[in-house]
Amino acid sequence: MKKILIVEDDITLNKGIMLTLRQNDITIKQAFSIAEASNILEYEEIDLILLDINLPDGNGFDFCKIVKEKFDIPVIFLTACDMEIDIVTGLELGADDYITKPFSLMVLRARVMVALRRLENKPKSSKISIGDMTFNFESMDFIKSNTRICLSRTEQKLLKMLVDHKGQVLTRDQLIDRIWSDGGEYVDENALTVNIKRLRDKIEDDKSKPSYIKTVYGIGYIFNVGDKNER
């Protein structure tokens, strides 16, 4: 099931696009302002955004930049701004397509389907956003509240295993076996406790009351997303 977000303040056009694209395997979310779109992105997993440029509370170009940096979601601009400089600006910001108004809804549908097929063939991103944090395990970039945090290789491996199994309880033995699996010398299980503490110091808002890395006493740990946004 794919989910498309339409960000267009023209109510009639927004509804027309929604009716054109909606089908059994596609869900449509509608927003009429940047504020509404931002709120949806905080709580919904969106696969593709159709974005107007001139919106009542801001500029679509600026919003596209935020979307690309934080969520890495494909964007198609739908706009009356048909100047060459506008098209170039949109594409340079990372937009996947740029469609100028007026346009045929059937042509729009065809181009959206192409974008969705391209998305299916795209390797899964190693970038994950949770709350005010962004983890990119491929580039080894880890951000919290717009500030880079430094993680050791062991902390990165531990965080990735926890995040990959979010909502699941991982035993201490499972974590030790996977994190220190190089066949080297015996690893004291205190090493796990120490690295959990270091991770909490870096990603938790209140390390004395962790909301992400929770201890399951007598068993191990669980990475809890709860009501935090996760991509």
Side-chain angles (χ1 to χ4, degrees), residues 1-53 55-79 90 93-97 99 105 108-109 111-137 143-146 162-168 203 205 211-212 222-231:
M1 176 71 71
K2 297 297 183 184
K3 191 174 293 185
I4 298 173
L5 171 60
I6 304 170
V7 189
E8 166 63 64
D9 62 326
D10 184 319
I11 297 174
T12 301
L13 179 57
N14 196 316
K15 182 178 180 180
I17 295 171
M18 181 268 292
L19 293 174
T20 300
L21 298 179
R22 189 173 59 185
Q23 57 188 54
N24 290 340
D25 58 346
I26 295 178
T27 299
I28 305 295
K29 302 297 292 188
Q30 294 174 275
F32 302 92
S33 67
I34 289 175
E36 289 181 359
S38 298
N39 186 62
I40 290 171
L41 288 174
E42 285 301 315
Y43 298 100
E44 302 272 359
E45 186 170 347
I46 300 298
D47 296 293
L48 176 67
I49 298 176
L50 305 183
L51 178 62
D52 192 9
I53 291 176
L55 291 159
D57 58 345
N59 185 294
F61 287 144
D62 295 333
F63 186 58
C64 177
K65 185 176 180 181
I66 293 171
V67 167
K68 286 295 182 178
E69 288 177 350
K70 187 173 181 181
F71 302 106
D72 194 26
I73 300 173
V75 173
I76 296 178
F77 278 115
L78 306 177
T79 176
L93 284 171
D96 296 74
D97 205 345
I99 302 174
L105 288 174
L108 169 64
R109 186 179 187 281
R111 291 170 79 163
V112 166
M113 293 303 110
V114 169
L116 291 178
R117 287 196 296 272
R118 190 162 56 235
L119 183 62
E120 289 177 355
N121 297 325
K122 181 180 177 181
K124 188 172 181 179
S125 174
S126 59
K127 184 176 180 181
I128 299 171
S129 293
I130 301 173
D132 64 348
M133 300 183 295
T134 301
F135 306 139
N136 191 322
F137 293 97
I143 307 294
K144 179 175 175 61
S145 301
N146 297 317
L162 289 167
V163 170
D164 284 349
H165 297 84
K166 60 185 180 294
Q168 301 177 35
I203 73 170
D205 295 323
S211 59
Y212 293 107
I222 183 172
F223 193 90
N224 177 60
V225 174
D227 61 354
K228 305 288 185 179
N229 179 51
E230 187 268 335
R231 291 277 188 280

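Just so it is clear, the values below take in all heavy atoms, side chains as well, and ignore hydrogens, waters and symmetry mates.
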Could you tell me whether the side chain of D52 and the main chain of F77 form a donor-acceptor pair under 3.5 Å?
no

Is it true that, when you exclude I11 itself, more than 12 heavy atoms of the residues, nucleotides or ligands shown sit nearer than 6.0 Å to its CD1?
no

What's the separation between atom OG in S38 and atom CZ in F63, rounded to the nearest 0.5 Å?
4.0 Å

Tell me, please, which residues at least two apart from T12 pass side-chain hydrogen bond (donor to acceptor under 3.5 Å, both in side chains).
none

Compare every heavy atom of G16 with every heavy atom of L105, then report the nearest pair and how far apart it is.
CD1-O, 4.1 Å

Spacing of K15 atom NZ and D10 atom CG [to the nearest 0.5 Å]:
12.5 Å

Measure the spacing between CZ of F61 and OG1 of T79 and express it to the nearest 0.5 Å.
7.0 Å

Could you check L116, V112, D96, I46 and say which one makes a side chain to side chain contact (heavy atoms under 4.5 Å, CB included) with P74?
D96

From the list L51, D97, L93, side chain to side chain contact (heavy atoms under 4.5 Å, CB included) partner of V75 resolves to L51

Closest non-hydrogen contact found for D9 with F32 is CB-O, 3.4 Å

Pairwise salt bridge (charged side-chain N to carboxylate O under 4.0 Å, His left out) hits with a residue in residues 27-37, at least two apart:
K29-E44

Which distance, rounded to the nearest 0.5 Å, do you find between the CD of Q30 and the CD1 of I40?
8.5 Å

N/O donor-acceptor pair under 3.5 Å between N14 side chain and A31 backbone
yes

Any I17 side-chain heavy atom under 4.5 Å of L78 side chain:
yes

Given the rule in the side-chain contact (heavy atoms from CB on, under 4.5 Å) test, do I26 and I4 qualify, once you have shown the distances and angles that lead to the verdict?
CA-CA 7 Å; I26 295 178; I4 298 173; 3.8 Å; yes

So side-chain hydrogen bond (donor to acceptor under 3.5 Å, both in side chains) across residues 17-26, not counting sequence neighbours, yields Q23-D25, Q23-R109

Cationic N near anionic O, under 4.0 Å, K3 to D47
no

Do the side chain of D57 and the main chain of I34 share a donor and acceptor less than 3.5 angstrom apart?
yes

Which heavy atom of S145 sits nearest to which heavy atom of D132, and what is that distance?
OG-OD2, 2.6 Å

Please report the closest heavy-atom contact between L162 and F223, naming both atoms and the distance.
O-CB, 3.4 Å

So that I can tick it off, tell me whether K144 and D205 are bridged by a salt bridge, with the cut-off set at under 4.0 angstrom between side-chain N and carboxylate O.
yes

For V67 and I49, run side-chain contact (heavy atoms from CB on, under 4.5 Å): C-alpha distance rounded to whole Å, both residues' side-chain angles, the deciding distance at 0.1 Å, then the answer.
CA-CA 9 Å; V67 167; I49 298 176; 3.8 Å; yes

Atom pair CG (L108) and CG (L21), whose distance is rounded to the nearest 0.5 Å:
5.5 Å

Evaluate the side-chain contact (heavy atoms from CB on, under 4.5 Å) criterion for residues L50 and E8: first the C-alpha distance (whole Å), next the side-chain angles of each, then the deciding distance (0.1 Å), finally the verdict.
CA-CA 8 Å; L50 305 183; E8 166 63 64; over 6 Å; no

Checking side-chain contact (heavy atoms from CB on, under 4.5 Å) for the pair I128/T134: CA distance, chi angles, key distance, verdict?
CA-CA 6 Å; I128 299 171; T134 301; over 6 Å; no

Could you report the tightest heavy-atom contact between I76 and A115, atom names first, then the distance?
CD1-CB, 4.1 Å

Report yes or no: does K68 contribute a side-chain atom to a donor-acceptor pair with the main-chain N or O of I73 at less than 3.5 Å?
yes

Side chains of T27 and K2: closer than 4.5 Å at any heavy-atom pair?
no

Side-chain donor/acceptor of K166 to backbone N/O of N224, under 3.5 Å
no

